[in-house]
2 protein chains.
Amino acid sequence: MISPRPQPDHPQPDHPESDHNDAMPEEPTQARRFGKARTAQASALLEDYAELIADLLASGGEARPTDIARRLGVSHATAIKTIARLKREGLVTARPYRGVFLTEAGEALAGRVKARHLVVVELLRAVGVPSEAAEQDAEGMEHHVSDTTLAAFSRFLKAR
Amino acid sequence: MISPRPQPDHPQPDHPESDHNDAMPEEPTQARRFGKARTAQASALLEDYAELIADLLASGGEARPTDIARRLGVSHATAIKTIARLKREGLVTARPYRGVFLTEAGEALAGRVKARHLVVVELLRAVGVPSEAAEQDAEGMEHHVSDTTLAAFSRFLKAR
DNA sequence: TCCAAAGTGTAGCCTTGGCTACAAATCGCT
DNA sequence: AGCGATTTGTAGCCAAGGCTACACTTTGGA
Ligand SMILES: [Mn+2]
Ligand SMILES: [Mn+2]
Ligand SMILES: [Mn+2]
Ligand SMILES: [Mn+2]
């Protein structure tokens, strides 16, 4: 699942007794970080589908499996299987030969994801990353940007 | 595989005839972006292992499967299977009950990955992301930071 | 109208990266 | 030296996300 607003992103650092540092993080800390990164990765594909479907519906009007597949650069069979997963997760509805539509939850997800995508690209541009690199790298990075980090990005952009 | 320095990261934008924009990217462009993001993701795990093994060897001296597993927050069986893949890819050597060591290629990869990790964390901190969020999000974002973007990050940090 | 092209769906295959359960080897302490 | 705890390895399971091949709808143009 992808709940709209899960627990607080980053609880306080907890261990203020930092000897001197430069050393490795504590074992449980590191394990937690890797675990969260894995979790984030697990939602990445669904996020990209939701965003893409919203864009297709908004611009052209149609979000057919083939369109989606071509945009993502995968086979249509792959797209169809992922769409099945989106259905299972309650993010889209789709009847055979009838195209794909977003549910309430799907719309909400797409909105958040698109907004985040834009901010990430903007931030990259703002620190001097060339446009195409920014667009490219944002496509992967965005899925690992927490609410905390997103907020910091927005502040930075506004204050600049 | 993970070649040290693949093709140029971002060939020129190619299509300077941008009508007015705000619309979706061209289909082949978008497909290429998603494809590269998938490619980057495929190396992420190997990169994390290489970095972690290097850190363990540097600090304590030993990089045993159990240590690695605990640090990553996965079962030791999972770690052992991934170590087998690292061996296959020529990044580490490991003989039963003898710990894991990096090959030349593994060292090289670990070095690049660690350097990139540090720059990404620094950049995040520099734009106002709190430390723990920076550390957390960098763990996932780093794998999608191209050389072009990394260079921009470094310039930004130096110039600041 | 009807038939070929385009789109859709299904089946079957593969790899990766998780897991648990169990068996074997090694280590460390008395 | 021996034995229990730890570490390591193996087997077997699963889901996700790729793919190709093939069959079935639907659509649109002659
Ligand atoms: Mn994306
Ligand atoms: Mn995106
Ligand atoms: Mn990482
Ligand atoms: Mn890292």
Side-chain angles (χ1 to χ4, degrees), chain A residues 1-2 27 31-50 52-53 56 60-89 91-101 139-140 143, chain B residues 1-2 27 31-50 52-53 56 60-89 91-101 139-140 143:
Chain A
M1 255 303 296
I2 296 178
E27 184 183 281
R32 187 170 26 73
R33 283 182 196 156
F34 280 120
K36 285 200 192 169
R38 282 192 298 271
T39 296
Q41 191 53 42
S43 339
L45 195 67
L46 299 185
E47 293 180 350
D48 282 335
Y49 269 74
L52 175 56
I53 290 166
L56 287 171
E62 280 229 283
R64 294 136 77 224
T66 313
D67 303 331
I68 297 171
R70 271 202 295 254
R71 290 260 162 198
L72 288 166
V74 298
S75 74
H76 79 274
T78 295
I80 286 175
K81 270 210 299 193
T82 305
I83 291 166
R85 191 181 153 208
L86 288 164
K87 256 192 286 191
R88 251 189 293 139
E89 309 248 4
L91 295 169
V92 307
T93 58
R95 290 171 328 297
Y97 299 91
R98 201 85 339 181
V100 181
F101 299 92
E139 201 51 77
H143 308 285
Chain B
M1 253 305 294
I2 298 175
E27 184 183 282
R32 186 170 26 72
R33 283 182 197 156
F34 280 121
K36 284 201 192 170
R38 281 193 299 271
T39 297
Q41 191 51 43
S43 338
L45 196 67
L46 299 186
E47 292 180 351
D48 283 336
Y49 269 73
L52 175 57
I53 290 166
L56 286 171
E62 280 228 284
R64 293 137 76 224
T66 312
D67 302 331
I68 297 171
R70 271 202 295 251
R71 289 260 163 197
L72 288 166
V74 297
S75 74
H76 80 274
T78 295
I80 286 175
K81 272 211 296 194
T82 304
I83 290 166
R85 189 180 156 210
L86 288 164
K87 256 192 285 191
R88 252 188 291 139
E89 309 249 5
L91 294 169
V92 308
T93 57
R95 289 169 330 293
Y97 297 91
R98 201 91 333 186
V100 181
F101 298 92
E139 201 51 76
H143 308 285

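Lettering follows sequence order; numbering is per chain, from 1.
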Sequence-aligned protein contact record of nucleotides 19-29 of chain C, with B where the base is within under 4.0 Å of a protein heavy atom and S where only the sugar-phosphate is: BB---BSS---
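With sequence neighbours left out, Arg38(B) forms a side-chain hydrogen bond (donor to acceptor under 3.5 Å, both in side chains) with no residue at all. Under the side chain to side chain contact (heavy atoms under 4.5 Å, CB included) criterion, Ala31(B) pairs with no residue at all, not counting sequence neighbours. The salt bridge (Lys or Arg N to Asp or Glu O under 4.0 Å) search around Asp67(A) returns Arg64(A), Arg70(A), not counting sequence neighbours. With sequence neighbours excluded, the residues satisfying side chain to side chain contact (heavy atoms under 4.5 Å, CB included) with Phe101(B) are Leu57(B), Thr93(B). Ser75(B) is linked by a side-chain hydrogen bond (donor to acceptor under 3.5 Å, both in side chains) to Thr78(B), counting only residues two or more places apart in sequence or in another chain.
The CG atom of Leu45(A) sits 17 Å away from the P atom of dA15(D) (whole-angstrom rounding). When the C1' atom of dG9(D) is taken as reference, atom CZ of Arg85(B) falls 20 Å away, rounded to whole Å. Across the protein-nucleic acid pair, Ile68(B) atom CD1 and dT6(D) atom P stand 20 Å apart, rounded to whole Å. We find that CG of Asp48(B) is positioned 17 Å from P of dT16(C), with the value rounded to whole Å. Straight-line distance from the OH atom of Tyr49(B) to the P atom of dG17(C): 9 Å, rounded to whole Å. Protein atom CG of Leu86(A) is 18 Å distant from nucleotide atom P of dA15(D), rounded to whole Å. Distance Leu72(A) CG to dG17(D) P: 12 Å, rounded to the nearest Å. Per the geometry, CD belonging to Gln41(B) stands 13 Å off C1' belonging to dA16(D), to the nearest Å.
The side chain of Thr66(B) places no N or O atom within less than 4.0 Å of a non-bridging phosphate oxygen (OP1 or OP2) of dT6(D).
The side-chain heavy atoms of Leu86(A) and Ile53(A), taken from C-beta on, include a pair separated by under 4.5 Å.
Of the two residues near DNA chain C, Arg95(A) and Arg88(B), the one whose nearest nucleotide lies more 5' is Arg95(A). Sequence order on DNA chain C of the closest nucleotides to Ile80(A) and Ala42(B) puts Ile80(A) first from the 5' end.
Interatomic distance, CZ of Phe34(A) versus CG of Leu52(B), reported as 5.5 Å (0.5 Å rounding).
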